[in-house]
Number of protein chains: 4
Amino acid sequence: MSETGTPAKDQPDRDAQTGREPKTARGEATRRAILGAAEKVIGRQGFNEASIGSITREAGVAQGTFYIYFSSKDEVFSELVVEMGRMLRHVISEATGGMADRLEAEREGLRAFLTFVASRPELYRIVQEAQFVDPDAYRAYFRTFAEGYRQGLAEAAEAGAIRPGNADVRAWALMGIARALGEYSVVFGDTTPIDEVVDIAHDLIVDGLRK
Amino acid sequence: MSETGTPAKDQPDRDAQTGREPKTARGEATRRAILGAAEKVIGRQGFNEASIGSITREAGVAQGTFYIYFSSKDEVFSELVVEMGRMLRHVISEATGGMADRLEAEREGLRAFLTFVASRPELYRIVQEAQFVDPDAYRAYFRTFAEGYRQGLAEAAEAGAIRPGNADVRAWALMGIARALGEYSVVFGDTTPIDEVVDIAHDLIVDGLRK
Amino acid sequence: MSETGTPAKDQPDRDAQTGREPKTARGEATRRAILGAAEKVIGRQGFNEASIGSITREAGVAQGTFYIYFSSKDEVFSELVVEMGRMLRHVISEATGGMADRLEAEREGLRAFLTFVASRPELYRIVQEAQFVDPDAYRAYFRTFAEGYRQGLAEAAEAGAIRPGNADVRAWALMGIARALGEYSVVFGDTTPIDEVVDIAHDLIVDGLRK
Amino acid sequence: MSETGTPAKDQPDRDAQTGREPKTARGEATRRAILGAAEKVIGRQGFNEASIGSITREAGVAQGTFYIYFSSKDEVFSELVVEMGRMLRHVISEATGGMADRLEAEREGLRAFLTFVASRPELYRIVQEAQFVDPDAYRAYFRTFAEGYRQGLAEAAEAGAIRPGNADVRAWALMGIARALGEYSVVFGDTTPIDEVVDIAHDLIVDGLRK
DNA sequence: TATGAATGAGAATTCATTCAT
DNA sequence: AATGAATGAATTCTCATTCAT
């Protein structure tokens, strides 16, 4: 994969967060309340429609309180994107960890992804919007995934578990399938059961269109 | 495909609302200048960062002139999305029209898509952003494509040209591959030649990962 | 005089003024109205108490109009300081220009200064406040004056018109007298007629305290 | 001197308002820490830029602690101005007390003033800013000085130690020289040694410019 | 006495849109 | 058709001050 610059590892302190860390349990709770409210409100209304006021109202705190924990609207947003990345990586590696069969891992990874997306639709939408709100976070998010994916595919090809082929492009293509299907259900409200969608897509991924 | 709500047809009069049609050649030229400037500026800076002022400055006209041709900022945006849809459909049907071999049509359609995206990156970005700025236009755009794609796949399966399988999900999955690869080059600036990308992806689409 | 850095010449474009120049007579008038209102309001209430709202209210325009002509509150302020410098230099050189007798020039310069200050008390106050609001403008203002003053004193000493002595320190001391007497009347509201004040101060400047 | 309004005496209870007096040694220390931090921070950043937070951070205490010792931001400021007045009067009377020769007292007073200012530049800046932040305190400060100065000059003239002349105006003029020279070094960073500056200014004060 | 979380009023600034010329 | 001045609502962010612990 064409790594342009930054490493694919987890960002440690991206942005030097100015929002101070809470020092008491109460503060911790407030911070979480705001973060949750931000996920809900931004995820629903979009970054620009969601005002700080609407977030704090949802969180049940005063407007000023927001700035005790986050230095700006961009910062919460960015934090949500990073959080989504962390959770998703966790969920997927839980689902596929230690699977011997690469093709089965492919199926389970997709299922885990779609399940997670369905459970946190607002968070998913936020990541999509990150492309326009916080391109750096967005790119970091995708690079991290793509790099992991690429490695998996490359190793599988090496081991003869799958047909050989450019792992970079394949990684992007397979991520594209996952995204599209996530959008299919979240954005377009399709109600086909996840397991069914997973099986259809997996069949395509594994055996292609050819008769 | 699960149609939820609005029809998949082209918006009929979307702009008849207020954006008066120019009556002179000069007016026509001005309108086009503004539309082009909007594509460039919004595509680069994003809908919210792009002000009417920055668009008219780019177009070389006064701010007020904008409202002679468009009734609002949303309207130009919407018009650009519709335009992109029209052009893309044209380009793709040009590339695949009358092809007997469905699998080859798949390849050429993907190539045409990636080529077009590379030639109008700002316009492509605008369509992506439409998800957040003008969800209706966005959904209409995708539904139209998905529906066409679905039909093609269904007929091919029917005709025994490809393996049978749920055409709806497949359509979305294949569109997802195309989008991801478009983003791969436009957003992430990957420089792998399009033809190469197309071949790799096509190989995956046609024969899958299985050894 | 210890020139630390910047030249003593008039700043040409200090701050790259973002506030666009008006293009019509109406715009010109509005800009002037705002500038005048700013002088009045900031001069009276001080920089921090004077809100943009209070300035535009005084000027009889909407708040947004302010930003058509000035890019920020600091910018108007800065412009007022520069304007004061220009006017004052003009007034003083008018009053003393071509005077052969240095000591008489001293008297007339002081009179012109105090007269001007009395006629534009708000503007005077703004310059004083510049020390805290826009230190660069403040220093530029004083350096310019001090340098002119120093030259005048140095030449006079050279020519034998006054007793020799360090012209730098003297320039600052004499400027200090003028400022203090300006404050005496403007800030402390003393009502001694200017001419009287001038004579008393001039006597001190010329002959000192010694019996 | 033309007394306009408030008496020239020290403010009586200025802070008895709400700022509770500390009752323990620890409290006393905390109060002093805050006062010192306020001098440093306000003196450097100016009243408006200096937030309570920046002061308490500098002092190493929590924000709320500030309000145990001072009832408002204005109050600390005011207290600093009064403190400066007290110290300066002390320093000057130490330097000139019991001097028989008025002209020599003039020299030593100036030296003491400039020395003090150089040792506490932030405090000096605070007094200057008081003109805009706390005009009452500012006027009180200057009136007190001016009145003392005036008396000294009047008595000296009476006693035939100096040439006769309006003591009010002279007092302001001489104070103006001192202030300007203080600013010369503090604000403009001139590095001429104080003793030299004092001698030059004293020569001017005593014998004037005339050849 | 000390802490630090919470408040909410207030201010600057931006920008889509309107309108007189 | 074109201009550009004017509007004012909306939004983010800051900060002095209060208060429960």
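Each chain gets a letter, A, B and so on, in the order the sequences are listed, and its residues count up from 1.
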Of the candidate nucleotides E/dG4, F/dT3, F/dA5, which contains the atom at the shortest distance from the side chain of C/I68?
F/dA5
Would you please confirm or rule out a distance under 4.0 Å between OP1 or OP2 of E/dA20 and any side-chain N or O of C/R26?
no
With a 4.0 Å cutoff (strictly under), does any side-chain N or O of D/Y69 reach OP1 or OP2 of E/dT1?
no
C/S72 has a side chain; which of F/dT17, E/dT13, E/dT3 sits nearest to it?
E/dT13
Are any non-hydrogen side-chain atoms of A/Q131 and B/Q131 less than 4.5 angstrom apart?
no
For C/R32 and F/dA5, give me the distance from atom CZ to atom P, rounded to whole Å.
14 Å
Closest to the A/I52 side chain, choosing from F/dA5, F/dT12, E/dA12:
F/dT12
Phosphate OP1/OP2 of F/dA6: any C/T30 side-chain N/O under 4.0 Å:
yes
Would you please confirm or rule out a distance under 4.0 Å between OP1 or OP2 of F/dT7 and any side-chain N or O of C/T65?
yes
Rounded distance (Å) that lies between atom P of F/dT17 and atom CD of D/E75
10 Å
Can you measure B/I42 atom CD1 to E/dA16 atom C1' for me and round it to whole angstrom units?
13 Å
Can you tell me the distance, in whole Å, between the CD atom of A/E21 and the P atom of E/dT3?
20 Å
Which part of the nucleic acid, if any, lies within reach of D/A50 when heavy atoms closer than 4.0 Å are counted: base, sugar-phosphate only, or nothing?
sugar-phosphate
Using purine N1 to pyrimidine N3 plus N6-O4 or O6-N4 for Watson-Crick, or N1-O2 and O6-N3 for G-U wobble, both under 3.5 Å, which nucleotide pairs with F/dT21?
E/dA2
What pair of heavy atoms forms the shortest contact from B/G46 to B/R125, and how long is it?
N-NH1, 3.6 Å
Which residue lies more 5' along DNA chain E, comparing B/F66 with A/V61 via nearest heavy atoms:
A/V61
Flag the pair B/E129 / B/Y138 as yes when at least one side-chain heavy-atom distance between them is below 4.5 Å, and no otherwise.
no
Do A/I34 and A/T65 have side-chain heavy atoms sitting under 4.5 Å apart?
yes
By nearest atom, which of the nucleotides E/dT1, F/dG4, E/dA5 is closest to the D/T24 side chain?
E/dT1
Do the charged groups of B/E122 and B/R44 touch, with an N to O distance under 4.0 Å?
yes
Nucleotide F/dA1, atom C1' - distance to NZ of B/K23 in whole Å
11 Å
Could you state the atom-to-atom distance from CZ of B/F70 to P of E/dC15 in whole Å?
20 Å
Whole-Å gap separating P (E/dA11) and CD (C/Q45)
10 Å
Between F/dT3, F/dT12, E/dA16, which nucleotide has the shortest distance from any of its atoms to the side chain of A/S51?
F/dT12
Return the nearest nucleotide to the side chain of D/Y67; candidates are F/dT17, F/dA2, F/dC13.
F/dT17
Return whichever of C/K73 or A/G27 has its heavy-atom-nearest nucleotide of DNA chain E closer to the 5' end.
A/G27
Side chain to side chain, B/E83 and B/L80, heavy atoms closer than 4.5 Å
yes
Expressed as a whole number of angstroms, how long is the span from C/E49:CD to E/dA12:P?
10 Å
Go through E/dA12, E/dT17, F/dT3 for me and flag the one nearest to the B/Q63 side chain.
E/dT17
